[in-house]
Amino acid sequence: MPLASFRVALLLSLGLLSAAAAPRALGQQVEDSIYGPLPVFEFHSGFWVNLHHFLYHEARAREAVKDSRVAATRPAGPVLKQSPASQPTLTPAEQRIWDQAVAYYVSSYAGKDLLVNIDLILLKNQLGDFEDCNELTGRKKPACDAGLPGNVGIILEAAAPIYRAHWWADHDRANRRWVVRVAPLVREQGVGLSQRLADIYQSKWPKEKIRVEVCAFANSAGAYTTLDPLRVTIASTDPRNQGPEALEVLFHEASHDIARPVEAAITRECRQRDKPIPRDLWHALIFFTTGEVLRPIMQEAEQQNAPDDDVSPQRNTTTTVPPGLREKLSQRGWEEYSRLLAIYWQPYLDGKVTFEDAIARLVSAV
Ligand SMILES: [Zn+2]
């Protein structure tokens, strides 16, 4: 198995994953080698991107421990536990280097948001681009000089052997297991869903496959998307991204790019009405739409797993929101958006009103 990372989908498609590398995925490999690469998405399990997100996660966990100690009213008060992933025993020398790397992430990145901070976005993209390199500073191979800012390249190179020795095998296995599980649905439904969503959003699905960085850890939301270039990062170990939800998170994240015409239309309608642009309406609309478009597939997946006599009740009106989706929206404080989307956006999804009318009515009702 190469030390550097690799393209999961490609390797799966070529049947190149060794039994030692992915002992539990053998059945799927044969199938994948017959049917070829997946449509729509391109999955990566990159070593550097995984190390980067893990260090970011560790740095934030350490900060959280510190904060909880400061906030504790009693000295023996509860302290946030560090992730179970930090359990392996390191040698004193390894521990020192690892602590230095985490400390660097604490001071440089832990206070910044992976989704919006430009330094973190550029760094993440560069680490993805250099996934096939064993180094980042180009000391052995000039083509592997990633030109990273500050000392982060040196820090990551120093932490790399420790990560590889203690965590990477588990993280990589979790990533590949996640891809293998979502692959059949992407293969069956990917093209149809991408066309349907692009039509809904009056947009075009990108010609290139969307690059997905599959990582053991992502941000606190469990997945995030950065634009120009469009790249999705998904946490393979996050409970919110498992089962049929894996397909939903993929298409939700891709919609952050595809649904840009909706954001523009909401802004335009608000300006015409001299209204403040409702924060998160666009995001709530993406949740709602992805949920609606994927609902038949999710129901089918649930029914396949359910006993024969357990038939889910069918939704019979257009102004109610299915419970799972309602819960997702209300967790974010979007109950009102959810209600309005069912009234004004659902008719558009059902082909009863135009895109422009639906957005105009939605915006005037907010
Ligand atoms: Zn989102």
Side-chain angles (χ1 to χ4, degrees), residues 40-41 43 49 53 56-57 112-118 120-121 124-125 128 178 182 185-186 190 193-194 196-198 200-206 210-215 217-267 277-295 297-298 321-322 324-338 340-342 345-346 349 359 362 366:
V40 184
F41 295 104
F43 296 100
V49 176
H53 283 95
Y56 178 84
H57 170 84
K112 295 172 181 165
D113 189 335
L114 286 164
L115 174 65
V116 294
N117 180 268
I118 189 69
L120 280 169
I121 294 170
K124 184 253 305 167
N125 288 346
W178 189 88
V182 80
L185 281 173
V186 171
L193 286 172
S194 63
R196 168 94 174 110
L197 287 169
I200 287 171
Y201 297 135
Q202 312 253 300
S203 184
K204 279 202 169 65
W205 197 267
I210 296 174
R211 180 178 177 126
V212 182
E213 305 286 2
V214 187
C215 294
F217 296 88
N219 63 344
S220 56
Y224 69 102
T225 298
T226 54
L227 306 176
D228 305 316
L230 169 60
R231 287 190 186 183
V232 175
T233 304
I234 292 182
S236 63
T237 60
D238 194 299
R240 293 166 291 184
N241 299 337
Q242 310 304 322
E245 301 285 324
L247 193 69
E248 184 171 1
V249 78
L250 273 173
F251 281 94
H252 171 92
E253 291 304 323
S255 298
H256 274 258
D257 179 67
I258 316 307
R260 284 199 255 189
V262 176
E263 197 175 18
I266 291 174
T267 305
I277 298 161
R279 212 172 145 259
D280 297 330
L281 175 59
W282 168 75
H283 202 196
L285 185 146
I286 296 182
F287 267 103
F288 186 93
T289 308
T290 317
E292 277 301 293
V293 170
L294 266 72
R295 194 155 47 84
I297 299 164
M298 310 283 261
V321 182
L325 180 58
R326 193 167 54 223
E327 195 186 306
K328 241 177 236 174
L329 292 164
S330 69
Q331 276 166 2
R332 291 169 175 81
W334 295 339
E335 289 94 341
E336 181 59 8
Y337 288 162
S338 156
L340 295 174
L341 286 162
W345 182 247
Q346 182 68 48
L349 298 181
I359 297 282
L362 181 63
V366 168

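Note that ligands are numbered from 1 as they come in the structure, with each ligand's atoms numbered from 1 the same way.
Of the charged side-chain nitrogens involved, none lies within less than 4.0 Å of a carboxylate oxygen, so that E263 and R260 do not count as a salt-bridged pair.
For residues 231-254, every residue pair satisfying the ring pair (Phe, Tyr, Trp, His ring centres under 6.0 Å) rule, not counting sequence neighbours, is listed here: F41-F251, W205-F251, H252-H256, H252-H283, H252-F287.
The minimum heavy-atom distance linking S338 with F288 is given by the pair O-CE1, 4.1 Å. Between N241 and A235, the closest heavy-atom pair is ND2-O, 3.0 Å. In plain terms, the two heavy atoms of A246 and W178 that are nearest each other are CB-CZ2, 3.6 Å.
For K204, the NZ atom counts as loosely surrounded, since its 6.0 Å shell holds 12 or fewer non-hydrogen atoms of other residues, nucleotides or ligands.
Excluding waters, the set of protein N, O or S atoms lying under 2.8 Å from the Zn ion (ligand 1) comprises H252 NE2, H256 NE2, H283 NE2.
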